[in-house]
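See below for the structure under consideration.
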Amino acid sequence: MSADLARPEPSRLKVYLAFAAIYIIWGSTYFFIREALDGFPPFMLGGIRFLVAAVLMFAWCLATGVSIIPGKDFKNAAITGFLLCFVGNGAVVWVEQSIASSVVAIVIAVAPLSFIVLDRPQWSVNFRSWSTLLGVVAGFGGVLLLFSEKIAAQLSATEVTPEFSAMFVLLFGILGWPAGSLYAKYHPASIPNMVNSGWQMLTGAFFFLLTSAGRGEWTNMDWSAVPLSAWSSLAYLIVFGSIIGFSAYVWLLQVRPATQVSTYAYVNPVVAVLLGVFVGSEVLGWREFAGLVVILGGVLLINLAKYRTAKRAG
């Protein structure tokens, strides 16, 4: 009997709450990352966020009698944590230094398309559908449209602009996050979800802090200059973005198909755009809105193909 068949079906309410967490909370984290960067350097921010979140989760586990020893699951948790927390989230934190949070969220909406490209065991199924192929092309075409102005500016520039280099860093996020998600999907953990998430975040924190120390972020840090808004944003990222949102995502990957879980990309950019424009005073032009429509259209085409396949199978 497979692990999926042996695992009891979770309650619908728990599934709905987990989806609400990754839909709404994660959409807001783009804005709060931007706010936190006003006081913290990027790698220090990621390191503190995931370290504190992991420690709090481990403390809760120990207080409730749950062992935090990962055993044979440590390797998989470490690999997943490196790809999700450090590569995926780290790319987002880095590029938000030079690109608006709402624009970053729109680009990350391409992640579900990367699931299709990277999910090799499902290639024979995924690439049999013309709507899936069209969806992938449309999604990445939307990214080119989104950055068309920056690409044109770079072609006429004599040096590499920060925005152009940030585009390439963001590619690591687009690839790293789905890669980590798929790795977690095909290597399910036997330890409790909170313990598994804690070790993933602790791994991410290790690489963040290692990089932060190498860049001299700690020696140049002026703690007295950190505004209250940055501290409160960091607290939000720890509690809501990591402990609640990240744990919900890791759990959903174990009980729902990865492509279904990836539908958070429909809602995240909308929430991020609303916060960025109306709260963060970010300005978006027609390219950004057109790119969002094209990218989400591509994701919709892919999920329609999945729906038709599942309906025929049923």
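Hydrogens, waters and symmetry mates are skipped; everything else that's a heavy atom, side chains included, is used.
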**Message:** Run the side-chain contact (heavy atoms from CB on, under 4.5 Å) test on Thr211 and Phe86 for me, step by step, so that the C-alpha distance in whole Å, both residues' side-chain angles and the decisive distance to 0.1 Å come before the verdict.
**Reply:** CA-CA 10 Å; Thr211 307; Phe86 183 67; 3.5 Å; yes

**side-chain contact (heavy atoms from CB on, under 4.5 Å) evaluation trace for Phe246 with Leu84** = CA-CA 10 Å; Phe246 186 77; Leu84 289 180; 3.9 Å; yes

**Prompt:** Does the side-chain contact (heavy atoms from CB on, under 4.5 Å) test come out yes or no for Phe58 and Val55, once each step is laid out?
**Reply:** CA-CA 5 Å; Phe58 285 154; Val55 170; 5.8 Å; no

**Request:** Start with the C-alpha gap between Phe40 and Trp223, add the side-chain angles, then the distance that decides, and say whether side-chain contact (heavy atoms from CB on, under 4.5 Å) holds.
**Result:** CA-CA 9 Å; Phe40 297 94; Trp223 296 96; 3.8 Å; yes

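Side chain of Asn76 to main chain of Pro188: no donor-acceptor pair is present (N/O by atom type, distance under 3.5 Å, no hydrogens or angles). A distance-only check finds a donor-acceptor pair linking the side chain of Glu217 to the backbone of Met44 [under 3.5 Å]. Using a distance-only test at 3.5 Å, with no hydrogens or angles considered, no donor-acceptor pair links the side chain of Ser197 to the main chain of Met194. Here the side chain of Ser242 pairs no donor or acceptor atom with the backbone of Val239 at under 3.5 angstrom. In terms of modelled atom types and a separation under 3.5 Å, the side chain of Arg34 and the main chain of Glu96 share a donor-acceptor contact. A donor-acceptor pair is defined here as one N or O able to donate and one able to accept, closer than 3.5 Å; such a pair exists between the side chain of Asn268 and the backbone of Tyr23.
Here the rule is side-chain contact (heavy atoms from CB on, under 4.5 Å) with Val104, and of Val93, Ile33, Ile99 only Ile99 fits it.
Between Trp251 and Val15 the shortest side-chain heavy-atom distance falls below 4.5 Å. When side chains are defined from C-beta on, Trp26 counts as touching Tyr249, because their heavy atoms get closer than 4.5 Å. Between Phe82 and Val87 the shortest side-chain heavy-atom distance falls below 4.5 Å. Between Ser232 and Glu35, every side-chain heavy-atom pair lies at or beyond the 4.5 Å cut-off. Val195 is not listed as a side-chain neighbour of Ser67, based on a closest heavy-atom distance of 4.5 Å or more. Considering only heavy atoms from C-beta on, Leu209 comes within 4.5 Å of Trp218 through its side chain. Using a 4.5 Å heavy-atom threshold, the side chains of Tyr236 and Ile25 count as touching. At a threshold of 4.5 Å between non-hydrogen side-chain atoms, the residues Phe208 and Arg49 do not count as touching.
Residues Asp73 and Ser190 have side chains that bring a donor and an acceptor to within less than 3.5 angstrom of each other.
Here the shortest heavy-atom pairing between Pro192 and Val66 reads CG-CG1, 3.9 Å.
Residue Phe74 places its CZ atom among 12 or fewer non-hydrogen atoms of other residues, nucleotides or ligands, all under 6.0 Å distant. Under a cut-off of 6.0 angstrom, the local environment of CZ in Phe240 is sparse, with at most 12 non-hydrogen atoms contributed by other residues, nucleotides or ligands.
Under the side-chain contact (heavy atoms from CB on, under 4.5 Å) criterion, Leu62 pairs with Ile68, not counting sequence neighbours.
The distance from atom CG of Leu202 to atom CZ of Phe207, rounded to the nearest 0.5 Å, is 11.0 Å.
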